[in-house]
Peer 1: 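For reference, the structure I am asking about is given below.
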Amino acid sequence: MSDKNLEVRFGELRLKNPVVTASGTFGYGLTYSKFYDVSTLGGFVTKGLSLKPKAGNKPPRICETAAGMLNAIGLQNIGLDKFISQKIPALKGVDTAIIVNFFGNTVEEYAEISARLSEIPQVSALEMNISCPNVKEGGIAFGSDVRATSKVVSACRKTSKKPLIVKLSPNVTDITEFARACEAEGADGLSVINTLVGMAIDINKRRPVLSNITGGLSGPAIKPVALRMVWQCYKTVKIPIFGIGGISSPEDVIEFMMAGATAVQIGSMNFVDPHIGKRIADTLPSVLDRIGESHISGIIGAAHS
Amino acid sequence: MSDKNLEVRFGELRLKNPVVTASGTFGYGLTYSKFYDVSTLGGFVTKGLSLKPKAGNKPPRICETAAGMLNAIGLQNIGLDKFISQKIPALKGVDTAIIVNFFGNTVEEYAEISARLSEIPQVSALEMNISCPNVKEGGIAFGSDVRATSKVVSACRKTSKKPLIVKLSPNVTDITEFARACEAEGADGLSVINTLVGMAIDINKRRPVLSNITGGLSGPAIKPVALRMVWQCYKTVKIPIFGIGGISSPEDVIEFMMAGATAVQIGSMNFVDPHIGKRIADTLPSVLDRIGESHISGIIGAAHS
Amino acid sequence: MSENHSALAMDCVVIANEPLGDGHFHLVAEPVVKPVAVAPGQFVMIRVANMLDPFLRRPMSVADFAPDGSRIGFVIKEVGKGTRILSILSPGAKIDVVGPFGTGFAIPDGAKKVWMVAGGTGVAPFLGLTENIKRADLDYTLLMGARSASQLFYAARFRDNGVNVITATEDGSDGVKGFVTSALSAELEKGMKPDVIFTCGPSPMMRAVAEIAEDAGIVCHASLESYMACGFGACLGCVVKKRGAEQYVTVCRTGPVFNALEIEI
Amino acid sequence: MSENHSALAMDCVVIANEPLGDGHFHLVAEPVVKPVAVAPGQFVMIRVANMLDPFLRRPMSVADFAPDGSRIGFVIKEVGKGTRILSILSPGAKIDVVGPFGTGFAIPDGAKKVWMVAGGTGVAPFLGLTENIKRADLDYTLLMGARSASQLFYAARFRDNGVNVITATEDGSDGVKGFVTSALSAELEKGMKPDVIFTCGPSPMMRAVAEIAEDAGIVCHASLESYMACGFGACLGCVVKKRGAEQYVTVCRTGPVFNALEIEI
Ligand SMILES: Cc1cc2nc3c(=O)[nH]c(=O)nc-3n(C[C@H](O)[C@H](O)[C@H](O)COP(=O)(O)OP(=O)(O)OC[C@H]3O[C@@H](n4cnc5c(N)ncnc54)[C@H](O)[C@@H]3O)c2cc1C
Ligand SMILES: Cc1cc2nc3c(=O)[nH]c(=O)nc-3n(C[C@H](O)[C@H](O)[C@H](O)COP(=O)(O)OP(=O)(O)OC[C@H]3O[C@@H](n4cnc5c(N)ncnc54)[C@H](O)[C@@H]3O)c2cc1C
Ligand SMILES: Cc1cc2nc3c(=O)[nH]c(=O)nc-3n(C[C@H](O)[C@H](O)[C@H](O)COP(=O)(O)O)c2cc1C
Ligand SMILES: Cc1cc2nc3c(=O)[nH]c(=O)nc-3n(C[C@H](O)[C@H](O)[C@H](O)COP(=O)(O)O)c2cc1C
Ligand code: FES
Ligand code: FES
């Protein structure tokens with residue numbers, strides 16, 4: 001395997017490699033240290049945080065689908081205070097980008113948590129979740145209306161002192177309107193995509209499998225949709241993009257980068273193969289060799305020409 | 001296997017069973033007669049027809065994805081005249097509902113083909129495709145704007161003397177707006193859903209796999225999204241719904257019917273298992289037995305209560 | 001940060017796969033790489049295919065095992081596509097296993113009389129428990145329930161291991177006629193009283209066992225089942241509600257074995 | 001309406017699977033149910049897994065076969081996940097096959113001298129052709145090209161069958177050094193002239209062969225490859241452009257064997 005430099009610059013954020021793990025699939029970063037040293041990753045994104053702890057939805061919360069899964073966790077999280085008091089100290093010594101995913105119920109809450117997260121030195125960047133399909137307030141309500149998106153991004157832009165990344169919903173007619181609005185309000189990057197709204201029915205019980213009725217579809221099943229949206233956003237905005245959706249191999253990483261992603265996030269596949277983050281980071285150089293590429297940055301957007 | 005009566009009434013249309021095969025995956029109905037007697041189906045939907053023949057897109061047109069596929073056929077079809085002169089006579093003796101899928105480039109073309117198809121006695125119903133993601137004009141442009149949808153449905157309603165079914169696009173923020181508009185304009189039924197826009201990249205060639213860049217994602221991968229949209233439409237309108245998207249088993253048929261579909265259409269799985277239409281129609285009674293249901297109509301919308 | 005990073009990956013080779021009847025089978029596998037120690041009641045996550053469908057791993061209790069993890073057995077019931085794939089594996093086949101995960105059945109300090117109430121494949125963890133935790137002062141009783149005598153797997157093996165076995169069958173073909181919970185109540189009514197009750201099996205059965213234990217003032221530990229995406233605390237998909245609080249805990253990490261008073265089964 | 005409705009479903013049992021070297025293998029299978037007759041140059045669609053991933057069937061030319069279809073062989077190169085699954089099938093394994101589909105290689109009326117130009121696994125259909133269509137007046141010449149001598153599969157078998165074999169290798173380890181098209185040109189320059197040229201292999205090779213044939217005024221039939229979803233004319237995914245017209249025809253049904261003048265390879 002060649003000794004390639006895999007560093008990418010995601011705006012002001014330097015990532016030692018483009019392999020990051022996605023929010024809600026990687027805990028608060030420590031869960032996976034029993035499998036591998038998370039410092040081998042380009043970074044990780046925490047489970048979505050809110051000001052107050054959140055209990056989440058009633059079970060059943062997950063369900064397998066063809067080459068994917070549905071989840072309706074409902075943003076269960078320990079809340080900002082516990083994150084600061086318990087998780088941040090435990091992350092000492094982790095040598096990788098720590099990106100904190102967050103959400104609020106109101107614009108004011110979004111702005112407040114963004115302000116407070118900005119005070120934590122260990123935090124490398126913030127990822128605003130305006131696209132969670134599994135909660136009543138907040139989440140997707142902000143992410144499926146362009147004006148609401150502009151408003152909440154603008155508010156967080158004012159309070160955030162860290163690179164601010166906005167995570168977009170794929171459940172819209174035209175994702176580029178949202179990408180453009182985020183760029184206009186000063187977002188430093190985009191995360192494309194969150195989950196597609198889906199459902200499953202238990203034919204024996206004659207009711208939806210998930211207690212929340214609908215859930216978010218993730219996994220390789222959605223990769224073609226995610227890739228298309230990254231492609232569209234890359235054509236539309238200049239800010240860097242995290243490509244997210246069904247990544248399961250180093251080849252997938254390259255596909256997303258060629259579509260226009262500067263880096264990627266791996267989600268559901270962490271569950272199926274808990275070593276996947278390290279495995280992909282480790283094998284990326286050899287796949288780059290195979291396609292005759294010497295610099296990782298040479299492939300970003302390469303499929304557009 | 002029990003001797004169940006599987007007949008369903010899709011508005012005025014009587015289907016001997018709810019298993020119909022979907023447009024673009026079943027030719028003009030004759031392709032599959034080398035595999036089984038298509039009269040065992042509740043019906044079939046033809047490849048989308050236009051007034052004039054259409055050459056379709058350049059290859060590559062298809063690409064495999066995880067539990068699904070992308071296609072960008074570009075609505076290649078023989079045109080209305082040849083359909084009438086060559087296909088309709090050959091369909092004599094087929095004892096099942098013949099549903100003709102059609103599209104136009106303009107509202108006028110939609111109205112004209114709907115008028116002309118209405119004159120063919122063998123045609124049981126018309127399915128308007130306003131949701132093809134793979135053509136520049138027509139198709140999805142009508143299906144992703146509510147006012148355009150209303151206009152084109154209203155025009156066809158005036159010229160169609162057959163049951164008029166509108167096939168909706170899933171690539172929209174809120175599919176229920178479109179369902180409502182179709183019902184208001186007098187549509188007799190809905191087909192939910194067409195394909196999701198997706199893409200794939202050939203990392204060796206560094207360009208999109210499909211010549212059309214994007215294509216329509218179909219197959220089991222999209223089932224959860226399709227099921228959710230059927231669920232939403234059933235809550236919104238009273239007209240009957242064809243559930244479409246990734247159906248691969250009799251259990252899937254029941255899931256869609258419990259979500260609110262009166263009947264279903266099987267698409268991509270016809271390619272993978274060319275006998276699937278008959279196989280599912282044949283095994284549906286035993287699965288109904290297993291879930292303790294004696295009347296097929298008892299399961300329509302059953303998961304809503 | 002833990003140092004033995006990949007200790008939880010176990011590439012295994014199947015060494016035996018024996019049908020037990022009625023769609024059940026006993027799968028035994030040997031890890032290829034240095035494994036981690038296993039405790040009775042822990043489970044692993046098995047990848048049933050190396051393709052993307054079926055997508056998720058399947059959780060399986062470790063049944064009989066070598067304490068250092070060098071041989072692990074599973075008692076599995078075929079219920080869907082994943083377990084069907086596992087049922088046809090031949091010796092020599094490779095399987096991708098991660099684990100072990102979760103809390104096991106831990107015998108409370110000072111407890112001597114241990115009753116185990118099992119339904120169906122719920123006997124699995126008790127094989128590992130009684131074969132690996134043997135102490136002169138421990139007195140094991142297994143109450144096992146099944147539809148019919150043919151599904152009372154391993155009754156003889158438990159007896160050979162010195163376990164007192166009481167059976168209940170719904171059709172009366174062996175032991176008490178009825179549910180295993182009737183057998184449990186009957187034993188308690190005889191004036192017997194264990195120091196702890198362990199239970200594993202279908203939720204309704206465990207719920208009933210927990211109630212009986214609570215009424216009798218006996219500590220009860222139940223091994224819960226839940227749909228799992230990861231098995232190690234990352235997805236928050238497998239949760240169960242805490243008793244008396246609007247709070248959820250993961251079955252895979254906080255459990256799967258819980259004190260029955262603490263959660264809503 | 002055709003009456004033998006399910007004749008195109010062939011559940012097969014693998015009877016042999018032999019590695020040929022360099023990632024190629026020879027898979028031989030026997031249909032369980034009454035099959036349909038096969039013509040040389042036809043292909044089948046093989047389902048590589050009974051799960052939903054990999055999703056689509058894989059098209060494979062029938063190589064050697066019994067004319068009634070009761071035994072079909074394939075010469076396969078491992079290139080991706082589907083062919084990898086096929087490469088590890090053991091005798092006794094079941095595979096789900098539908099077909100045969102498409103036009104075969106048909107010897108034009110009166111043609112006696114038949115040249116076949118093959119690259120890589122492109123030899124596959126010519127095994128079936130030369131072993132099943134034998135006539136005293138037919139004179140077969142096979143020009144086969146490969147990277148290296150070790151990839152000239154079946155040269156000896158063709159020779160044993162009375163076929164005149166001319167080889168070309170890129171590394172010069174056997175026969176003419178260079179591409180098989182150089183060997184073809186060399187033969188033509190010697191003044192030889194067949195009645196028809198059949199070709200099967202990589203598209204660039206076939207394109208070159210078709211040009212050489214056109215220049216020499218020889219009828220050329222080429223067996224095309226294309227990404228296929230169905231294999232029987234339903235999806236319109238596999239099309240190739242007609243020469244001189246904005247029209248597409250299906251490779252699976254109108255082809256895969258085309259008169260090279262009619263399509264754009
Ligand atoms: C901690 C734990 C230990 C278990 N131990 C055993 C055991 O020793 N022996 C045994 O036979 N079974 C055991 N199970 C249940 C076993 O995991 C399921 O029967 C199995 O996952 C079903 O998979 P399938 O593909 O055959 O069924 P499918 O219905 O096709 O599975 C679809 C999805 O649902 C999940 N699922 C289905 N049934 C269950 C269930 N009962 N519990 C959890 N998830 C389910 C699957 O994991 C999969 O994600 C255990 C479950 C848990 C949580
Ligand atoms: C009519 C016909 C006859 C063929 N005969 C042979 C043969 O005798 N021996 C042989 O080794 N190969 C043959 N091929 C090519 C063979 O179908 C592909 O190599 C195979 O499908 C690759 O599958 P995979 O899963 O290993 O590769 P992957 O790259 O994982 O396949 C992904 C998808 O692309 C398709 N695909 C990939 N490569 C090709 C290709 N070259 N042609 C068509 N589809 C492709 C696959 O079918 C699948 O849908 C033939 C193709 C056609 C169309
Ligand atoms: C169980 C689960 C929980 C998730 N929680 C969050 C979350 O808290 N915040 C968020 O922005 N995205 C969340 N996501 C979305 C993922 O970060 C990711 O965008 C999505 O799963 C698509 O990627 P994948 O296909 O690789 O899983 C969650 C996804 C899953 C599967
Ligand atoms: C190759 C292909 C061609 C299609 N052509 C049409 C078409 O002409 N008109 C149309 O309305 N839908 C067309 N569709 C969409 C299908 O009818 C169906 O809505 C979609 O594939 C989802 O169902 P599935 O997941 O079962 O395939 C086509 C789909 C495929 C895969
Ligand atoms: S299974 Fe993922 S947290 Fe328990
Ligand atoms: S492969 Fe479907 S039409 Fe040729």
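Computed from a predicted model, the values in this text were never measured in an experiment. All values below were derived from every heavy atom in this structure, side-chain atoms included, with hydrogens, water molecules and symmetry-related copies excluded. The sequence lines fix the lettering, A, B, ..., with proteins before strands; numbering per chain opens at 1.
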Peer 1: Determine the sole option in A:Lys47, A:Arg61, A:Lys54 for which the side chain to side chain donor-acceptor pair (under 3.5 Å) test with A:Gln76 is passed.
Peer 2: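 Per the side chain to side chain donor-acceptor pair (under 3.5 Å) rule, the option paired with A:Gln76 is A:Arg61, out of A:Lys47, A:Arg61, A:Lys54.
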
Peer 1: May I ask you to name which of C:Asp96, C:Leu236, C:Asp53, C:Val240 has the most heavy-atom pairs under 4.5 Å with chain A?
Peer 2: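 Sorted descending by pairs with chain A, the first entry is C:Leu236.
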
Peer 1: Would C:Phe232 and A:Tyr32 count as a ring-ring contact (aromatic ring centres under 6.0 Å, His included) here? Give the steps.
Peer 2: CA-CA 9 Å; C:Phe232 47 81; A:Tyr32 285 79; 5.2 Å; yes

Peer 1: Which residues in residues 242-265 of chain C have a heavy atom less than 4.5 Å from any heavy atom of chain A?
Peer 2: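 C:Glu246, C:Tyr248, C:Arg253 fall under the 4.5 Å cut-off.
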
Peer 1: When you check the side-chain N and O atoms of A:Asn270 and A:Thr21, is any donor under 3.5 Å from an acceptor?
Peer 2: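 Judged by distance alone, the side chains do not pair up.
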
Peer 1: Non-hydrogen atoms of chain A under 4.5 Å away: do they reach the side chain of C:Met228, the backbone, both or neither?
Peer 2: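 For C:Met228, the backbone is the part near chain A, not the side chain.
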
Peer 1: Let me know if C:Val98 has heavy atoms under 4.5 Å from chain A in its side chain, its backbone, both or neither.
Peer 2: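 For C:Val98, the side chain is the part near chain A, not the backbone.
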
Peer 1: Where along residues 62-88 of chain C does a heavy atom come under 4.5 Å of chain A, listed by residue number?
Peer 2: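 Those residues of residues 62-88 of chain C which have a heavy atom under 4.5 Å from chain A are C:Lys81.
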
Peer 1: Would you say C:Glu170 and C:Gln151 are linked by a side-chain donor-acceptor pair, where the criterion is simply a distance under 3.5 Å?
Peer 2: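 Side chains of C:Gln151 and C:Glu170: no pair found under 3.5 Å.
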
Peer 1: Find the distance between CG (C:Leu27) and CG (C:Asn17) and round it off to the nearest 0.5 Å.
Peer 2: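 One gets 4.5 Å once the value is rounded to the nearest 0.5 Å.
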
Peer 1: Between A:Asp273, A:Val272, A:Thr31, who has the most heavy-atom pairs with chain C when the cutoff is under 4.5 Å?
Peer 2: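 Result: the option with the highest number of such pairs is A:Val272.
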
Peer 1: Answer yes if the side chains of A:Asp282 and A:Thr40 hold a donor-acceptor pair under 3.5 Å, and no otherwise.
Peer 2: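 No donor-acceptor contact under 3.5 Å links the two side chains.
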
Peer 1: Just grab all the ring-ring contact (aromatic ring centres under 6.0 Å, His included) pairs involving residues 26-58 of chain C, residues at least two apart or on different chains.
Peer 2: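 Output for this query lists C:His26-C:Tyr154.
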
Peer 1: Is it the case that the ring center of C:Phe105 lies less than 6.0 angstrom away from the ring center of C:His221?
Peer 2: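 No, ring centres 6.0 Å or more apart.
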
Peer 1: Can you list the residues that meet the side chain to side chain contact (heavy atoms under 4.5 Å, CB included) rule with A:Glu255, with sequence neighbours excluded?
Peer 2: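 Partners of A:Glu255 under the side chain to side chain contact (heavy atoms under 4.5 Å, CB included) test: A:Lys223, A:Leu227, A:Asp252, B:Ala200, B:Ile201, B:Ile203.
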
Peer 1: Between A:Lys278 and chain C, with a heavy-atom cut-off of 4.5 Å, which part of the residue counts as in contact: side chain, backbone, both or neither?
Peer 2: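 Looking at A:Lys278, nothing touches chain C.
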
Peer 1: For chain C, which of A:Met269, A:Lys58, A:Glu64, A:Met69 has the most heavy-atom pairs under 4.5 Å?
Peer 2: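 Looking at each option in turn, the highest pair count goes to A:Glu64.
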
Peer 1: For chain C, find which of A:Pro274, A:Ala66, A:Ala67 contributes the most heavy-atom pairs closer than 4.5 angstrom.
Peer 2: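 Winner by heavy-atom pair count: A:Ala67.
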
Peer 1: Can you tell me if A:Ser218 and A:Ser268 form a side-chain donor-acceptor pair at under 3.5 Å?
Peer 2: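 Side chains of A:Ser218 and A:Ser268: pair found under 3.5 Å.
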
Peer 1: Enter the distance from A:Leu284:CG to A:Leu6:CG here, rounded to the nearest 0.5 Å.
Peer 2: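 Going from the CG atom of A:Leu284 to the CG atom of A:Leu6 covers 5.5 Å.
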
Peer 1: Would A:Ser131 and A:Asn194 count as having a side-chain donor-acceptor pair, cut-off 3.5 Å?
Peer 2: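 Judged by distance alone, the side chains do pair up.
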
Peer 1: Is there a donor-acceptor contact under 3.5 Å linking the side chains of A:Ser50 and A:Asn77?
Peer 2: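 The answer is yes; a qualifying pair exists.
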
